[in-house]
Amino acid sequence: MPNNCNVKPENENPFDIVRQQIDASAAILKLSSQEIALLKNPVRELHVSLPVRMDDGTTKVFQGYRVQYNDARGPGKGGIRFHPQETIDTVRALAAWMTWKTALLDLPLGGAKGGVICNPKELSQAELQRLSRAYVRAVYQFIGPDKDVPAPDVYTNPQIMAWMADEYSVISGKPQFGVITGKPISLGGSPGRGDATARGGMYAIREAARVLGIDLSKATVAIQGYGNAGYHAARLCKELFGARVVAACDSQGSVYCEEGIDPEEAYACKCSTTSVCNMDGVETICGDDLLSLDVDILIPAAMENAINSHNAGEVKARIVAELANGPTTPEADEILYANGVHVIPDFLCNAGGVTVSYFEMVQNFYMYRWDEKEVYQKLDQRITDAYQSVWKASCEHNINMRQAAYVVALQRVVEAMKLRGWV
Ligand code: GLU
């Protein structure tokens, strides 16, 4: 088994997982077959072929997708992922999770997701720019500030959002930066968007620790994945709680240090050498050992299916805070619940990103800018409210936190579908 936290250890289809999760909650909510049929299928999806001129003069054709899963509660919202292992079913699953995420946070939005099968690490900046613009040209009719608003996801970033906003504006014949969120601040991005996913996760962890009686200033943390979410989570665990990050990993391997890893040093090491594994004063461990460490908080912040039937029984953390989308399989969920592990489910734990994206949309519509403090306060309120409603549903129905989050979110989506006369 490679010492690598980016590899999917089980060949689970994420969209099958979504459908299993819907079934479990549909029974609790006593949903009708029509309601279930709508919840189990995207309302719309677009498949595109993108011809891109490469630096060597040849043309390469990339496959891309945009799935609008459900827009009963408002315009589609969700990131665009650039990844070599992207599949249409992954995009469908991610779009479904976006639908539950916006509903759970009570944002007036639906759920969508985009993806392009490519390896950005093998593309030059010029090729990446041409690919980003080609994607926007292909989906132009399908997206828009009041229709469907993309954002960053795995391997896409503010610079890519800026190129996409520009391409959309050029075609529209006027600046239309509100078509996308996660932009650089000078192009209408929101203060606080950069670390919003991790910060929202911190507010959720704070609420969970309150419920479970954990003193976060003495807590130990292991982080799986050291991209945007993982790095900021490490930094904020230390900054906001004084917690000790004892382990971290990236696609090249995992490291451990009992006294604590300095989050900034780990980030600097990753930037200069491509991996946290090259840090001084740390022990190298294998990926599965990181998941089974005796820590208070485990933060999966990489890809889908990381915690699965093979390793869930080994998890010793008291809280699993899912900053990644879909890191725990349904079998693993049952094992964790039976073992008393408190899981903060992905579409609650990582909802900070889309929540600040929504704030970015509001600011763009008003042509106004809030300061960071205001963004943090509003984000804290949204995440705290969402956590409380999930915890309440979990206690009321005696179900795990993911099922409880589904119950709250599906109820809201179904209510909107009913009011609109769809079912
Ligand atoms: N890609 C992020 C997510 O999965 C953010 C989506 C957004 O901001 O629209 O939640």
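Whatever order the structure lists ligands and atoms in, that order sets their numbers, starting from 1. Keep in mind that this is a model prediction, so the values were computed, not measured.
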Which ligand 1 atoms, with their elements, are less than 4.0 angstrom from a heavy-atom of Met98? 3 (C), 4 (O), 6 (C), 10 (O)

Distance-only donor-acceptor check, side chains Thr99 and Asn70, under 3.5 Å: no

Please tell me whether Thr90 and Lys113 have a donor and an acceptor in their side chains that are separated by less than 3.5 angstrom. no

To the nearest 0.1 Å, how far is atom 9 (O) of ligand 1 from its closest protein heavy atom, and which atom is that? Lys77 NZ, 2.8 Å

Considering only heavy atoms of Asn325, which atoms of ligand 1 have at least one such atom less than 4.0 Å away? 4 (O)

Would Arg73 and Asp106 pass as an ion pair if we require N to O under 4.0 Å? yes

So if I count the atoms of ligand 1 from 1 in the order they appear, which ones are less than 4.0 Å from some heavy atom of Lys101? 3 (C), 4 (O), 10 (O)

Any luck finding a side-chain donor-acceptor pair between Ser275 and Asp250 under 3.5 Å? yes

Under 4.0 Å from one or more heavy atoms of Gly353, ligand 1 contributes atoms 8 (O)

Would one find an N or O of Asp153, backbone or side chain, under 3.5 Å from an N or O of ligand 1? yes

Between ligand 1 and Arg193, can you find any atom pair, the residue atom being a heavy atom, that is separated by under 4.0 Å? yes

Which of these, Ala351, Pro152, Ser357, has its nearest heavy atom closest to atom 2 (C) of ligand 1? Pro152

Tell me whether the count of non-hydrogen atoms from other residues, nucleotides or ligands lying under 6.0 Å of CD in Glu415 goes above 12. no

Under a 3.5 Å cutoff, is there a donor and acceptor pairing between the side chains of Ser172 and Tyr140? yes

Would you call Asp385 and Arg382 a salt bridge, using N to O less than 4.0 angstrom? no

If you count the atoms of ligand 1 from 1 in the order shown, which ones are under 4.0 Å from a heavy atom of Lys113? 1 (N), 3 (C), 4 (O)

Gly78 heavy atoms within 4.0 Å reach ligand 1 at atoms 9 (O)

Pair Asp346 + Lys101, salt bridge at N-O below 4.0 Å: no

Do me a favour and list the nearest non-hydrogen protein atom to atom 7 (C) of ligand 1 with residue, atom name and distance? Ala151 CB, 3.3 Å

